[in-house]
A.B. asks: 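For reference, the structure I am asking about is given below.
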Amino acid sequence: MLPRYWGNADAAPQKGASLAVNGCGRFDDIDKDSLDYLKWLGCSYIWYTGAIAHAMAPVPAGDLKAMACSPQLRKRFALAAADAHDGRPAAAFVKGLAGSPYAISNYYDVAPYLGTLASFRSLVKRTHRAGLKCLVDFIPNHVAANYADHCGGIPDCGRCDYDWTDTVKIDYSDRSSWFKMLDIVRFWASQGVDGFRCDMVELVPHDFLKWLIENVKRDYPSLLFVAEVYDRNNYRRFIDEIGFDLLYDKSGLYDRLHALVCRECAMEANDSVSSSASARQISWNWQFLGDMQGKMLNFLENHDEKRIAGPAFAGKASRALAALAVSAAFNDGAFMIYEGQEVGERGLDDAGFSGADGRSTIYDWWTPEWSRKLNAIVHTKSYLSLSINEIVTQSNNCVSVREAELFCRYAVLLRSLAYGCCAEGRNSGCTDDRSYDLCWCQDSGEFDAERFFAFLRGNRLYVCNFSGRKRSLHIAIPQSAGEFYGCSFPKEIFITVPAFDFSVKELSVQV
């Protein structure tokens, strides 16, 4: 969740406009109703993206006056918009007017437009009262080019990686950097956060990361460390040697699902296709992970990736429902949902710096359309009904029928995984969450292993259809599946699966 979006109800944001014109959400907008909704949906952690103070473009004095900023808040805005240490003005190196949340300007403060440290601590307390935990970003590779804190700053190399020209790389050859970063992580743990999403860890010395995690966990043993990792061949090292609790499975499951969905959507549109993507690769990735599967964080969207509903991915959110079922249910790891995903955000707003690139901008003062839609669903509490008509009606038609249908599909699936509930809210009786791949035993010609994927999760049968045609299938359930779960299943199930979708059937069980 990017707090700057949540709660900002501006219905007509202007491209490239200032904070005073377009406004933004604040920590206080993430209220009890918002947190109750996320708990209801099945979330256990909220990743508050962009909470920490980061570099931003200067806010004009007139805007600060119009926003009735206190002298203290004006000073905090000025620090975030200070010149780079090499003399470059903030306007020359900051990306967009809002700036990147990954160019941290002061690790001991929050973004001034969101609130204060006190209001952040209040948010953490509200989050915990709702039965949820929270993560913040830890960016160990770099800081903003104008970084400054009350501890004397962090030694840097005077250069940036890639095109991250608003940052400078941290110098870990200077041992003082190790202790400064350790102090930063301890500081945020003392504010009550429950863990960290650690950015681009493959660019950071591994011995430092191992030392950091070991030292922090002596004082805060329950902290969760999530690593953004892109090379599958590094997974084992980051889990077993360095000590991360969860890893992005980007180059594994995400890349395979993305390629498969894009391939099938292109074929449906009669576009030329050169991809070798296949549903078989889902099994291959699962086998590759082995005992690491429970350490994976699966996802279909985040701030770095193109939104599902945009033309660079599926074109329509409903065309990735088969991928959703695999990503969320075919594993014993965690699944991450990105804000607005459940109502089909397309990421096509031309907000300013980032343009209409298929991602929701993180650089501009903007209100994505999903923010108004989800706030309407949340604060009318229409989501509790899981009724498409009620969601549309109570939102004053801010939410379309198609969006309400998608929302309900997400909610039913995620709630069933979190709470074992069916659409009606009753417990399904599913007591074993381990997965069993059924693709190997499907001998009938009607099961196309290139486009279909079938698996058990306890007594639930999931059949995922990545093709553009509705299909009815006979799914064989081998005796070994019953032995795996310690029960007996029917030998065969007949099931119909819509195009680009999944179907779930609860099997009768004899123990």
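The first residue of the sequence shown is numbered 1, and numbering continues consecutively from there.
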A.B. asks: Does the side chain of Leu374 reach to within under 4.5 Å of the side chain of Glu342, using non-hydrogen atoms?
C.D. replies: yes
A.B. asks: Quick check: do Val497 and Phe466 have side-chain heavy atoms less than 4.5 Å from each other?
C.D. replies: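 Of all side-chain heavy-atom pairs linking Phe466 with Val497, none is under 4.5 Å.
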A.B. asks: What about the rings of His303 and Tyr363, do their centers lie closer together than 6.0 Å?
C.D. replies: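 No, the ring of His303 stays outside the 6.0 Å limit from the ring of Tyr363, centre to centre.
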A.B. asks: Kindly compute the distance separating CD (Glu506) from OG (Ser416), expressed to the nearest 0.5 Å.
C.D. replies: 8.5 Å
A.B. asks: Would Asp137 and Trp47 count as a side-chain hydrogen bond (donor to acceptor under 3.5 Å, both in side chains) here? Give the steps.
C.D. replies: CA-CA 8 Å; Asp137 289 293; Trp47 165 18; 3.0 Å; yes
A.B. asks: Is it true that the NZ or CZ of Arg409 lies under 6.0 Å from the centre of Phe502's six-membered ring and within 45 degrees of the ring axis?
C.D. replies: yes
A.B. asks: Just how far is it from atom OG1 of Thr380 to atom CG of Asn396, taken to the nearest 0.5 Å?
C.D. replies: 9.0 Å
A.B. asks: Describe, in one word, how the ring planes of His474 and Phe494 are oriented to each other, choosing from parallel (under 30°), tilted (30 to 60°) and perpendicular (over 60°).
C.D. replies: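 Aromatic pair His474/Phe494 classed tilted.
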A.B. asks: Locate the shortest heavy-atom distance separating Asn8 from Gly23; write the atom from each residue and the value.
C.D. replies: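 Here Asn8 and Gly23 meet closest at ND2-O, 3.2 Å.
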A.B. asks: Can you tell me how far apart CZ (Phe452) and CD1 (Ile282) are? Round to the nearest 0.5 Å.
C.D. replies: 12.0 Å
A.B. asks: Does some side-chain heavy atom of Ile52 sit less than 4.5 Å from a side-chain heavy atom of Phe138?
C.D. replies: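 No; the side chains remain at least 4.5 Å from each other.
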A.B. asks: Give the C-alpha distance, both sets of side-chain angles, the deciding distance and a yes or no for side chain to side chain contact (heavy atoms under 4.5 Å, CB included) between Lys316 and Phe500.
C.D. replies: CA-CA 10 Å; Lys316 296 179 181 178; Phe500 299 115; over 6 Å; no
A.B. asks: Does Glu202, at its CD atom, have more than 12 non-hydrogen atoms belonging to other residues, nucleotides or ligands within less than 6.0 Å?
C.D. replies: yes
A.B. asks: Using ring-ring contact (aromatic ring centres under 6.0 Å, His included) as the criterion, point out the one residue from Phe484, Trp286, Phe455 that pairs with Tyr436.
C.D. replies: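 Going through the options one by one, the only one that passes is Phe484.
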A.B. asks: Can you check whether Phe407 and Tyr383 have ring centres sitting under 6.0 Å from each other?
C.D. replies: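 Ring-ring flag for Phe407/Tyr383: false, centres at least 6.0 Å apart.
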A.B. asks: Got a salt bridge between Arg451 and Glu264, using NZ or NE/NH1/NH2 to carboxylate O under 4.0 Å?
C.D. replies: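 The answer is yes: the pair qualifies as a salt bridge.
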A.B. asks: Tell me if the aromatic rings of Phe238 and His206 count as close, with their centers under 6.0 Å from one another.
C.D. replies: yes
A.B. asks: Provide the closest heavy-atom pair for Ala481 versus Leu456 in the form atom of the first, atom of the second, distance.
C.D. replies: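 Smallest interatomic distance, heavy atoms only, reads CB-CD1, 3.8 Å.
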A.B. asks: Should Leu223 and Val216 count as side-chain neighbours, where that means a heavy-atom distance under 4.5 Å?
C.D. replies: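 A side-chain contact exists here, since the closest heavy-atom pair is under 4.5 Å.
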A.B. asks: Does a side-chain heavy-atom distance below 4.5 Å link Leu247 with Val226?
C.D. replies: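 Side-chain contact under 4.5 Å: no.
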A.B. asks: Check the pair Leu135, Tyr48 against side chain to side chain contact (heavy atoms under 4.5 Å, CB included), reporting the backbone distance first and the verdict last.
C.D. replies: CA-CA 6 Å; Leu135 305 177; Tyr48 291 125; over 6 Å; no
A.B. asks: OG1 of Thr127 to CG of Leu132: how many Å apart, nearest 0.5 Å?
C.D. replies: 6.5 Å
A.B. asks: Looking at side-chain heavy atoms only, is the closest gap between Glu492 and Ile477 below 4.5 Å?
C.D. replies: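 No, their side chains stay 4.5 Å or more apart.
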A.B. asks: Please step through ring-ring contact (aromatic ring centres under 6.0 Å, His included) for the pair His258 and Phe313, ending with a clear verdict.
C.D. replies: CA-CA 7 Å; His258 179 272; Phe313 198 153; 4.5 Å; yes
A.B. asks: Looking at every heavy atom in both Val392 and Ala404, which two are closest together, and how far apart are they?
C.D. replies: CG2-CB, 3.8 Å
A.B. asks: Any side-chain heavy-atom pair from Cys24 and Trp366 closer than 4.5 angstrom?
C.D. replies: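 Side-chain contact under 4.5 Å: no.
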A.B. asks: Is a salt bridge present between Lys217 and Asp245, judged by a nitrogen-to-oxygen distance below 4.0 Å?
C.D. replies: yes
A.B. asks: Around Arg232, counting heavy atoms of other residues, nucleotides and ligands shown, do more than 12 lie under 6.0 Å from its CZ?
C.D. replies: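 Yes.
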A.B. asks: Which word best sums up how the rings of Phe489 and Tyr485 line up, parallel for under 30°, tilted for 30 to 60°, or perpendicular for over 60°?
C.D. replies: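 The arrangement is perpendicular - the two ring planes meet at more than 60°.
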A.B. asks: Could you pull out the closest heavy-atom pair between Val229 and Lys250, with the gap in Å?
C.D. replies: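 Closest approach of Val229 to Lys250, heavy atoms only: O-CB, 4.0 Å.
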A.B. asks: Hey, does the Lys NZ or Arg CZ of Arg457 hover above the aromatic six-ring of Phe330, less than 6.0 Å from the centre and inside 45° of the axis?
C.D. replies: no
A.B. asks: Using a strict threshold of under 4.0 Å (side-chain N to carboxylate O), is an ion pair present between Asp28 and Arg26?
C.D. replies: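 No, this pair does not count.
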A.B. asks: Of the non-hydrogen atoms in Thr367 and Pro13, which two are nearest, and what is the gap between them?
C.D. replies: O-CG, 3.8 Å
A.B. asks: Could you check, using the six-membered ring where one of them is a Trp, whether Phe299 and Tyr248 have ring centers closer than 6.0 angstrom?
C.D. replies: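 Yes, the ring centres sit under 6.0 Å apart.
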A.B. asks: Could Asp291 and Arg236 be called an ion pair, given the rule that one side-chain N must be under 4.0 Å from one carboxylate O?
C.D. replies: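 A salt bridge links Asp291 with Arg236.
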A.B. asks: I'd like to know whether CD of Gln293 has more than 12 heavy-atom contacts from other residues, nucleotides or ligands below 6.0 angstrom.
C.D. replies: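 More than 12 within 6.0 Å, yes.
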A.B. asks: Are any of the side-chain heavy atoms of Ile239 and Met296 separated by less than 4.5 Å?
C.D. replies: yes
A.B. asks: Do the charged groups of Arg197 and Glu228 touch, with an N to O distance under 4.0 Å?
C.D. replies: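 Salt bridge between Arg197 and Glu228, a charged N being under 4.0 Å from a carboxylate O: yes.
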A.B. asks: Mind checking whether Trp188 and Phe120 have parallel, tilted or perpendicular rings, split at 30° and 60°?
C.D. replies: perpendicular
A.B. asks: Can we say Asp33 and Lys381 salt-bridge, meaning some charged N sits less than 4.0 Å from an Asp/Glu carboxylate O?
C.D. replies: yes
A.B. asks: Would you call Glu450-Arg280 a salt bridge at under 4.0 Å N-O?
C.D. replies: yes
A.B. asks: Under the salt bridge (Lys or Arg N to Asp or Glu O under 4.0 Å) criterion, do Arg307 and Glu301 qualify, and how do the steps go?
C.D. replies: CA-CA 6 Å; Arg307 310 279 329 215; Glu301 291 190 350; 2.8 Å; yes
A.B. asks: What is the distance from atom OH of Tyr230 to atom CG of Asp249, rounded to the nearest 0.5 Å?
C.D. replies: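 It is 12.0 Å, given to the nearest 0.5 Å.
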